[in-house]
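To start, the structure itself, in structure tokens.
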Amino acid sequence: MDPNGSEQVPEIKEYSSVCVGREDDIKKSERMTAVVHDREVVIFYHKGEYHAMDIRCYHSGGPLHLGEIEDFDGRPCIVCPWHKYKITLSTGEGLYQSINPRDPSSKPKWCSKGIKQRIHTVTVDSGNIYVTLSHEPFKCDSDYYATGNFKVIRSSS
Ligand code: FES
């Protein structure tokens, strides 16, 4: 503890958990949107688990809160309503199918482009849902639509 009271804790406020709603409500609706420290996120409740991610798709800013959840290669993904990109709920990886051009008869395989959509942490306390923004230092493609000039808060499309 700094006896002068000048101790600096610069990022604690920015990344503190924010209450975004009630557990009972998201269990009924299975998704909700929220603005957490000026960043728009979507929270999904899927098969007993919570997932939060940037609301705008990393590809071109599509509205992920309006997408369908489907399993691909055994992994639950949000399918962006604009161009059908598939993003894993738990890790934010972009999935795609590849085929071997030298063996066109082989089955297409699911592959990962790596983490494209920033995932945030969801916690539940006394029936309240909290979101803590990711502060992982890597540059994530979805940051482009979550920050700066391209950020759109509370857009309805
Ligand atoms: Fe999401 Fe293109 S904006 S797939």
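Whatever order the structure lists ligands and atoms in, that order sets their numbers, starting from 1. Throughout, numbering of the chain's residues begins at 1 and tracks the sequence.
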### Task
Determine, for Phe138 and Arg118, whether the Lys NZ or Arg CZ falls below 6.0 Å from the six-membered ring centre while staying within 45 degrees of the axis.
yes
### Message
Using the salt bridge (Lys or Arg N to Asp or Glu O under 4.0 Å) criterion, which residues pair with Glu70? Sequence neighbours excluded.
### Response
none
### Query
Are Leu89 and Phe72 grouped together when hydrophobic residues (ILVMFWY) are joined by side-chain heavy atoms under 4.5 angstrom apart?
no
### Query
So, are Arg39 and Asp143 salt-bridged, with charged N and O less than 4.0 Å apart?
yes
### Message
Short of 2.8 Å from atom 1 (Fe) of ligand 1, name each protein N/O/S atom, waters not counted.
### Response
Cys57 SG, Cys80 SG
### Donor on one side chain, acceptor on other, Glu23 and Tyr50, under 3.5 Å
yes
### Task
Measure up the Tyr85 and His59 rings against each other and bin them: parallel (under 30°), tilted (30 to 60°), perpendicular (over 60°).
parallel
